[in-house]
Amino acid sequence: MVFLQTLTEASQDLRAGKCIVMPTETVYGLAADATNDHAVAQIFAIKERPTFNPLIVHVATIEAARTLVEFNPIADKLAKHFWPGPLTLVLPKLSNSPLSYLVSAGLDTIAIRIPAHPVTRELLQIVGKPLAAPSANRSNTLSPTCAEDVRLSLGHATPHVIDAGPCAVGIESTILDLSHAKPLILRPGGIEAEKLIPLLGPVLYASEEHSIKAPGMMKRHYAPQTPLRLNAVHKQPGELMLGFGRAPLSDLNLSPTENLSEAAANLFRMLRELDARNAQRIAVMSIPMTGLGVAINDRLQRAAT
Ligand code: TXA
Ligand code: MG
């Protein structure tokens, strides 16, 4: 339970140009007023994030989004259908948009979404400003799915945290680039491609060359310290095993019933937990490449690179 006082204090910090940590349905975000250069610069400093890696803007309403980016009919349709929720749309930035240039790292597009978490939505309403927020972890480490993960990752640099318990989705938003003729998935995430296809027709995944546009998609990104071995069938000496489905010998299990939503929600927490046990290697059983399995496999592959 998050008290109104906490939200009011967080809102005061944000208006004063400070960063705070906010929950979202996907992962915890390190938020700042997206119209304030100094505030946005602090996000990069706290995360030790390269400034060429742009940030996602979070807003409370579609109307607020329309004051920042240029919508087209497809964006309209998707926003009405999936917002609030874990779908980020990349759209052309409006020339009179008040957003800090640091947010888009100089690109002429903006990545934007309405998060589904009730606490975040209330905070956005109270602040009345768009909030830039990357995942609240140090650059190149696993995204935090609870307040404790944030503190462990950011350490002394951790600003005020709104603790609303674990994140329901547990994996970052799907990023869909609608700034070109053909819609392109830049990052698989919380909204499965299967749900986009009925509204969009066939969608393409960004190739590695395209991914330069989403620098956060550099191959090694979501990484624990311990090496990973993917598609493992048996546990080898020195290994800890992350199971999926029936796997009595696994040390932790993403979902004994093969439920992909449960597996996504558990993924980062269990990787962190196994990472902390300092084994030689973590063996991960194979996850089907359907639905949320695409996003889970994407994060696992990056972590294993
Ligand atoms: O679920 C999420 O998306 C979480 C929560 C906090 O909203 N946020 C998140 O942010 O995962 P971050 O910064 O960790 O990842 C954002 C990704 C990066 O890979 C970045 O390169 C890409 O979005 N991105 C941001 N703006 C972009 C743009 N204009 N064009 C292409 N990619 C962009
Ligand atoms: Mg991140």
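Whatever order the structure lists them in is the order used to number ligands and atoms, beginning at 1.
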Which one of S135, A132, P23 has a non-hydrogen atom at the shortest distance from atom 9 (C) of ligand 1? S135

In the structure I gave you, are the side-chain heavy atoms of F82 and L89 within less than 4.5 Å of one another anywhere?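 Side chain of F82 against side chain of L89, heavy atoms only: no contact under 4.5 Å found.
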
Quick one: do the [X] and [Y] side chains pair a donor with an acceptor below 3.5 Å?
X	Y	value
R299	S143	no
N259	S255	no
S173	T88	yes

With heavy-atom distances below 4.0 Å as the criterion, list the atoms of ligand 1 near [X].
X	value
R113	1 (O), 5 (C), 7 (O)
A111	25 (C), 26 (N), 27 (C), 29 (N)
L55	25 (C), 26 (N)
R49	12 (P), 13 (O), 14 (O), 18 (C)
L186	31 (C), 32 (N)
N53	18 (C), 20 (C), 21 (O)
G29	6 (C)
T26	1 (O), 2 (C), 4 (C), 5 (C)

Using the side-chain contact (heavy atoms from CB on, under 4.5 Å) rule, pick out the option among L87, L176, V169 that qualifies with I191. L87

When you measure from the side chain of [X] to the backbone N and O of [Y], does any donor-acceptor pair fall under 3.5 Å?
X	Y	value
E25	A116	yes
K47	N137	yes
K77	L199	yes

Contact with ligand 1 for R187, non-hydrogen, under 4.0 angstrom: yes

Assess A133 for proximity to ligand 1: is some non-hydrogen atom of it under 4.0 Å away?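 Heavy atoms of A133 do come under 4.0 Å of ligand 1.
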
Is ligand 1 under 4.0 Å from a heavy atom in the side chain of I175, in the backbone, in both, or in neither? side chain

If we set the cut-off at 4.0 Å for heavy atoms, which region of L107 has an atom near ligand 1: side chain, backbone, both, or neither? side chain

Taking both backbone and side chain into account, is any N, O or S atom of S135 nearer than 2.8 Å to the Mg ion (ligand 2)?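 It does; at least one qualifying atom falls short of 2.8 Å.
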
R66 NZ/CZ over F71 ring centroid, <6.0 Å and within 45° of normal: yes

My understanding is that only one of R229, Q280, H234 makes a side-chain hydrogen bond (donor to acceptor under 3.5 Å, both in side chains) with E239; could you say which? R229

With respect to K47, determine whether any N or O atom, backbone or side chain, lies less than 3.5 Å from an N or O atom of ligand 1. no

